[in-house]
Peer 1: 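Quick one: this structure, given as structure tokens, is what I'll be asking you about.
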Amino acid sequence: STLFPYTTLFRSLESLREELGYTPAQVQITNVSHDLELVHVMGPKSKEILERVLGPQVTSMEFMHFGKPTVDNMTFEVQRMSYSGLPGFELHIPAEHAETIYRRLMDDPFSREAGLKPHGACAVQGLRTEMWYRGSADVKNIGHYSEVMIDKFIYKKKTFHGQDPSYVPKKQVVMLNVDTPK
């Protein structure tokens, strides 16, 4: 299967905007998919790694809260939570600063000593599923885990709650961030 093309998605959103009675001046549709990069630092040493490498301001918020720290004139958002089922933080970094922050984390001697390894966001979802911390799409019956593309990141020799290898995907899931006045 292929991913839903952006142009088709935008046309659908534009027609929905008209159907709901909004004008282009009232509701602007803008693709911001490439404005931020996500860096997920997870595991029992995640807080110590972030504090030592980027500073204590990066981890100063309470669990399930977010903050906007600045590191060397680079401001980004940090969410203190982890969809992996492990302690962790999500750094939502403007694209122009993402490589600098990523390199700083990955190249720091303490990060290497602590075992920080690069991984993708889909791997986080795979670990989450393996730890019985099911994704929102599964819980809300929007889609099966294989329909949200995490099945490729699940260790094949491991089973988990809700596993169903006989399921044939029937849907594709598109995630949007929508801010409307109503």
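Starting from 1, each residue takes its place in the sequence as its number.
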Peer 1: Using a cut-off of 6.0 Å, state whether more than 12 heavy atoms not belonging to Glu99 lie near its atom CD.
Peer 2: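 Count not over threshold, so no.
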Peer 1: CZ of Phe89 to CE of Met42: how many Å apart, nearest 0.5 Å?
Peer 2: 13.5 Å
Peer 1: With Glu51, which residues qualify under salt bridge (Lys or Arg N to Asp or Glu O under 4.0 Å), at least two apart?
Peer 2: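 So Glu51 forms a salt bridge (Lys or Arg N to Asp or Glu O under 4.0 Å) with Lys47.
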Peer 1: Which atoms form the tightest heavy-atom contact between Met106 and Lys117, and what is the distance?
Peer 2: CE-C, 4.0 Å
Peer 1: Is any side-chain heavy atom of Val27 closer than 4.5 Å to a side-chain heavy atom of Leu20?
Peer 2: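 Not in contact.
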Peer 1: Enumerate, atom names and distances included, each donor-acceptor pair closer than 3.5 Å involving a side-chain atom of residues 64-76, sequence neighbours excluded.
Peer 2:
{"from": "His65", "atom 1": "ND1", "to": "Phe63", "atom 2": "O", "distance (Å)": "3.0"}
{"from": "Thr70", "atom 1": "OG1", "to": "Thr75", "atom 2": "OG1", "distance (Å)": "2.7"}
{"from": "Asp72", "atom 1": "OD2", "to": "Arg104", "atom 2": "NH1", "distance (Å)": "2.8"}
{"from": "Asp72", "atom 1": "OD2", "to": "Arg104", "atom 2": "NH2", "distance (Å)": "2.9"}

Peer 1: Could you grab the distance from atom CD of Gln79 to atom CE of Met61, nearest 0.5 Å is fine?
Peer 2: 9.5 Å
Peer 1: Could you check whether any side-chain heavy atom of Leu36 comes within less than 4.5 Å of a side-chain heavy atom of Pro94, counting everything from C-beta outward?
Peer 2: yes
Peer 1: Of the non-hydrogen atoms in Ser46 and Val41, which two are nearest, and what is the gap between them?
Peer 2: CB-O, 3.6 Å
Peer 1: When rounded to the nearest 0.5 angstrom, what is the spacing between CD in Glu14 and CD in Glu19?
Peer 2: 14.0 Å
Peer 1: What's the separation between atom CD1 in Ile49 and atom CZ in Arg112, rounded to the nearest 0.5 Å?
Peer 2: 12.0 Å
Peer 1: Applying side chain to side chain contact (heavy atoms under 4.5 Å, CB included) between Leu54 and each of Thr59, Asp108, Val78, Leu91, report the one that passes.
Peer 2: Leu91
Peer 1: Are the side chain of Gln26 and the backbone N or O of Thr23 linked by a donor-acceptor pair below 3.5 Å?
Peer 2: yes
Peer 1: Counting heavy atoms not belonging to Glu96, are there more than 12 under 6.0 Å from its CD?
Peer 2: yes
Peer 1: Are Leu105 and Leu50 packed together at the side-chain level, in the sense that at least one heavy-atom pair is separated by less than 4.5 angstrom?
Peer 2: yes
